[in-house]
Amino acid sequence: MISREFFDRDPVEVARDLIGVELTVGGVGGPIVETEAYDRDDPASHSYRGPTRRNAAMFAAPGTAYVYRSYGLHWCLNAVCRPGSAVLLRAIEPRHGVEEMVARRGVVAERLLCAGPGRLTEALAVDGTLDGMSLLAEPFRLCPGIRPDLVIGPRIGISRATERPWRFGAACSPFLSRPFRAG
DNA sequence: GCTAGGATTTACT
DNA sequence: GTAAATCCTAGCA
């Protein structure tokens, strides 16, 4: 099992080591194939300007889930590392409870079920009610899995510190939200 | 109090 | 390729 100590490290290390880890929520999920790191001292991070009501979970204990609403309609799931830093989960490989994901997402293409932060949360039924909950307890489950070859690149969809190579993915995975430049 | 903008996805041209 | 959907937060008056 993944322990609290796993998350009590540099978010870049945690983002890298989370690739291949199996994440399930209520039994639905699969191996993580894409993550991004966000640090306390990072202009692109919600924690950059210090704790607020919205990002309070980012300053909670390592291993806490930070769930926030993006663009007014999507939810994004993060794993809190050291206080003020977190790892954004961008994509997983649909392996467990695929039928349930299809029912929630209403799509046929399996590779699009969890390929993106908003898609992932919809497929796993993650929303604001899980903000501040521990990823080390139900309904979450994290288990070490096969570690694939990694690809590294710049983060996506941000306007500041865009050059930091803090995006990690499983090489050649068909379930990435977007292809890596080198991969 | 009001306004601008965002770690996105989808549908349409 | 471009636009729309939609809401919370920060920043400023």
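In what follows, chains are A, B, ... by sequence order, proteins preceding strands, each numbered from 1.
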Given atom [atom1] of [X] and atom [atom2] of [N], what is their separation to the nearest angstrom?
X         : N       : atom1 : atom2 : result
Arg54(A)  : dT9(C)  : CZ    : P     : 7 Å
Ile156(A) : dA7(B)  : CD1   : C1'   : 10 Å
Met58(A)  : dT9(C)  : CE    : P     : 14 Å
Asp127(A) : dT6(C)  : CG    : P     : 18 Å
Leu73(A)  : dA11(B) : CG    : C1'   : 14 Å
Leu77(A)  : dT9(B)  : CG    : C1'   : 17 Å
Asp131(A) : dT9(C)  : CG    : P     : 10 Å
Arg49(A)  : dC12(C) : CZ    : C1'   : 14 Å

For [N] and [X] - does any side-chain N or O of the residue sit under 4.0 Å from the phosphate oxygens OP1/OP2?
X         : N       : value
Arg119(A) : dT10(B) : yes
Arg69(A)  : dA7(B)  : no
His46(A)  : dT9(C)  : no
Ser159(A) : dG6(B)  : yes

Original post:
In Å, rounded to the nearest 0.5 Å, how long is the span from CG of Leu124(A) to CZ of Arg119(A)?
Top reply: 14.0 Å
**OP:** Pick base, sugar-phosphate or nothing for Arg160(A), based on heavy-atom distances below 4.0 Å to the nucleic acid.
**Re:**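 Nothing: the residue Arg160(A), judged by heavy atoms under 4.0 Å, touches no strand.
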**OP:** For Asn55(A), answer base if it contacts any base atom (sugar-phosphate contacts may also be present), sugar-phosphate if it contacts only those atoms, and nothing otherwise; contact means non-hydrogen atoms under 4.0 Å.
**Re:** nothing
**OP:** Establish, yes or no, whether a centroid distance under 6.0 Å links the rings of His46(A) and Tyr38(A).
**Re:** no
Original post:
DNA chain B in dot-bracket, Watson-Crick or G-U pairs under 3.5 Å, [ ] crossing, | other strand?
Top reply: ||||||.|||||.
Nearest of [options] to any side-chain atom of [X]?
X         : options                 : result
Tyr71(A)  : dG6(B), dT9(B), dA7(B)  : dG6(B)
Ser45(A)  : dA7(B), dC8(C), dT9(B)  : dA7(B)
Arg53(A)  : dA7(B), dA5(C), dT9(C)  : dT9(C)
Arg105(A) : dT9(C), dT10(B), dA7(B) : dT10(B)

Subject >> Distance between P atoms of dA3(C) and dG5(B) (Å, rounded) >> reply: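 Rounded to whole Å, the distance is 16 Å.
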Original post:
Under 5.5 Å between ring centres and under 30° between planes: does that hold for Tyr68(A) against the base of dA7(B)?
Top reply: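 Tyr68(A) vs dA7(B): stacking no.
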**OP:** Report yes or no: is the cationic atom of Arg40(A) (NZ for Lys, CZ for Arg) closer than 6.0 Å to the six-membered ring centre of Tyr48(A), at no more than 45° off its axis?
**Re:** no
Original post:
Quick one: is the NZ or CZ of Arg4(A) closer than 6.0 Å to the six-membered ring centre of Phe6(A), and within 45° of its axis?
Top reply: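 No, a cation-pi geometry is absent between Arg4(A) and Phe6(A).
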Original post:
Mapping Ser177(A) and Gly72(A) onto DNA chain B by nearest heavy atom, which one lands closer to the 5' end?
Top reply: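 Counting from the 5' end, the first nearest nucleotide belongs to Gly72(A).
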Original post:
Taking the side chain from Asp42(A) and the backbone from Ala44(A), do they hold a donor-acceptor pair closer than 3.5 Å?
Top reply: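 It does hold such a pair.
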Original post:
Does the Thr121(A) side chain pair with the main chain of Pro117(A), one donor and one acceptor, at a distance under 3.5 Å?
Top reply: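 Yes, Thr121(A) side chain to Pro117(A) backbone: donor-acceptor pair under 3.5 Å.
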Subject >> side chain to side chain donor-acceptor pair (under 3.5 Å) between Glu22(A) and His96(A), worked out >> reply: CA-CA 10 Å; Glu22(A) 285 217 17; His96(A) 308 290; 2.9 Å; yes
Subject >> side chain to side chain contact (heavy atoms under 4.5 Å, CB included) between Leu23(A) and Leu89(A), worked out >> reply: CA-CA 10 Å; Leu23(A) 166 71; Leu89(A) 304 181; 3.8 Å; yes
